[in-house]
Amino acid sequence: MVKFTVAAAQYPVDQLDSWDAYAAKLTRWVEEAAEAGAALAVFPEYGAMELASLDPATMGDLALSIETVSALLPRVDALHAELAGRTGLHILAASAPRKDADGRFRNAARLFAPNGKVGVQDKLVMTRFEREQWHIAAGSALRLFDTMLGKIAVNICYDSEFPLLARAGVEAGADLLLVPSCTDSLHGYWRVRLGSQARALEGQCYAVQSPTVGEAAWSPAVDVNRGAAAIYGPPDRGIPEDGVLAVGVEGASQWVLAEVDTALVAELRADGGVLNARHWTEQPGAMALPAVEVVDLR
């Protein structure tokens, strides 16, 4: 598929009273994206932390709420797989802490294809909060997902502020960079937004930001959430002058949609007004990039 619609969620963190309430909420959001004509739905970083509210006895404790959410991941992923298959959408699920065999937690985003295949990208660079309070460990593998929609890379929130991560994906062929985010201030939102827009400029590709929004006073993890979802491109022909294809109303609960064209990415990389992607290596100090593992989701 060359042209398709992307839906980026401005996703509210809710206090849920049951698993059924969560399943109904997620189903409603996915079905709304499908009804709007989207082929790809992008949910935010740590949106899954609302699942901690299913255990009122532990939801106010940071460490125990992380344990609760991690334990629910198999059930969460089964629901996403079912929804992707039923609606025909590719779905980037809201990221969640996943407890690994070494006993440490990692922040994992999972991309579900309608054919049942799943790709996982862990966050690679932890924020101060994740390091000092959450004790979330960094992932190590950088992946590119080869899908029926094109080649997709995922930079979770803070990762978008480090250009070599996105650049490695671009060198591997990424047309689209997904940036799920969770920020508790407008400073944080703008850091991720500016990082996303810069990565779209440098790589001559699209970048899709999806944040959590609203307040969840019951949660020590995601109590305040600021941001706006958006789809960005490189400012060049066929793209708006400011590179913003669509952006939401900050703080609102909504989908933000825009059509992307992967053929335009190839065209601009070959003969754009500028050739940022091609000229990257001409920078003094340009260095070898991290290896990228290609995951087939076709």
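Computed over heavy atoms, backbone and side chain alike; hydrogens, waters and symmetry mates excluded.
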With a sphere of 6.0 Å drawn around [atom1] of [X], does it hold more than 12 non-hydrogen atoms of other residues, nucleotides or ligands?
X: E215; atom1: CD; value: no
X: R128; atom1: CZ; value: no
X: E241; atom1: CD; value: no

Say you draw a straight line from [atom1] of [X] to [atom2] of [Y]; how long is it, rounded to the nearest 0.5 Å?
X: F112; Y: L89; atom1: CZ; atom2: CG; answer: 13.0 Å
X: L111; Y: R143; atom1: CG; atom2: CZ; answer: 12.0 Å
X: K99; Y: R104; atom1: NZ; atom2: CZ; answer: 12.5 Å
X: E82; Y: I91; atom1: CD; atom2: CD1; answer: 9.0 Å
X: Y11; Y: L26; atom1: OH; atom2: CG; answer: 6.0 Å
X: H187; Y: R191; atom1: NE2; atom2: CZ; answer: 7.5 Å

Tell me, with the steps shown, if L176 and F145 meet side chain to side chain contact (heavy atoms under 4.5 Å, CB included). CA-CA 10 Å; L176 193 63; F145 304 110; over 6 Å; no
Keeping [X] on the side-chain end and [Y] on the backbone end, is there a donor-acceptor pair under 3.5 Å?
X: R226; Y: G251; result: no
X: Y206; Y: D261; result: yes
X: T68; Y: L64; result: yes
X: N276; Y: Q204; result: no
X: Q283; Y: W280; result: yes
X: Q121; Y: A109; result: no
X: Q254; Y: V249; result: yes
X: N225; Y: P12; result: no
X: T147; Y: L297; result: no
X: Q209; Y: V179; result: no

Ring pair (Phe, Tyr, Trp, His ring centres under 6.0 Å) pairs touching residues 148-177, sequence neighbours excluded, are Y158-F162
Run the side chain to side chain contact (heavy atoms under 4.5 Å, CB included) test on C182 and V222 for me, step by step, so that the C-alpha distance in whole Å, both residues' side-chain angles and the decisive distance to 0.1 Å come before the verdict. CA-CA 8 Å; C182 178; V222 287; 3.7 Å; yes
T262 versus D175, side-chain donor and acceptor atoms under 3.5 Å: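 No, no side-chain donor-acceptor contact under 3.5 Å.
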Verify the distance criterion only: is there a donor paired with an acceptor across the side chains of T127 and E130 at less than 3.5 Å? yes
Do [X] and [Y] land in one hydrophobic cluster if side-chain heavy atoms of ILVMFWY residues count as linked below 4.5 Å?
X: I66; Y: L51; result: yes
X: L289; Y: L124; result: no
X: V170; Y: L144; result: no
X: Y189; Y: V244; result: yes
X: M59; Y: Y22; result: yes

I want to check something: taking the side chain as every heavy atom from C-beta on, are [X] and [Y] in contact at a cut-off of under 4.5 Å?
X: T27; Y: L83; result: yes
X: E45; Y: T212; result: no
X: P240; Y: L245; result: yes
X: L92; Y: P180; result: yes
X: R199; Y: Y232; result: no

Which pair of non-hydrogen atoms, one from S70 and one from P74, has the smallest distance, and what is that distance?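 In terms of heavy atoms, the two residues are closest at O-CD, 4.1 Å.
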Does Y46 have K123 sitting over its ring (NZ/CZ under 6.0 Å from centre, angle to axis within 45°)?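 Judged by the rule (NZ or CZ under 6.0 Å from the ring centre, within 45° of its axis), K123 is not positioned above Y46.
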Using side chain to side chain contact (heavy atoms under 4.5 Å, CB included), reason through D271 and R237 one step at a time and then give a plain yes or no. CA-CA 10 Å; D271 189 30; R237 66 177 181 273; 4.2 Å; yes
Qualifying residue, where the test is side-chain contact (heavy atoms from CB on, under 4.5 Å) with S181 and the options are C157, S160, S196: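 Checked C157, S160, S196 against S181; only one passes side-chain contact (heavy atoms from CB on, under 4.5 Å): C157.
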How about W255 and F43: are their ring centroids closer than 6.0 Å?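 When the ring centroids of W255 and F43 are compared, they turn out to be within the sub-6.0 Å range.
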Please evaluate residues R110 and L73 with respect to the criterion side chain to side chain contact (heavy atoms under 4.5 Å, CB included), reporting the C-alpha separation (whole Å), side-chain torsions for both, the decisive distance (0.1 Å), and the verdict. CA-CA 10 Å; R110 293 94 59 222; L73 268 186; 3.6 Å; yes
Presence of salt bridge, E31 and R86, under 4.0 angstrom: yes
Contacts of R106 meeting salt bridge (Lys or Arg N to Asp or Glu O under 4.0 Å) (sequence neighbours excluded), chain-then-number -> D100, D102
Residues which pass ring pair (Phe, Tyr, Trp, His ring centres under 6.0 Å) with F105, listed by chain and number, not counting sequence neighbours: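 By the ring pair (Phe, Tyr, Trp, His ring centres under 6.0 Å) rule, F105 matches no residue at all.
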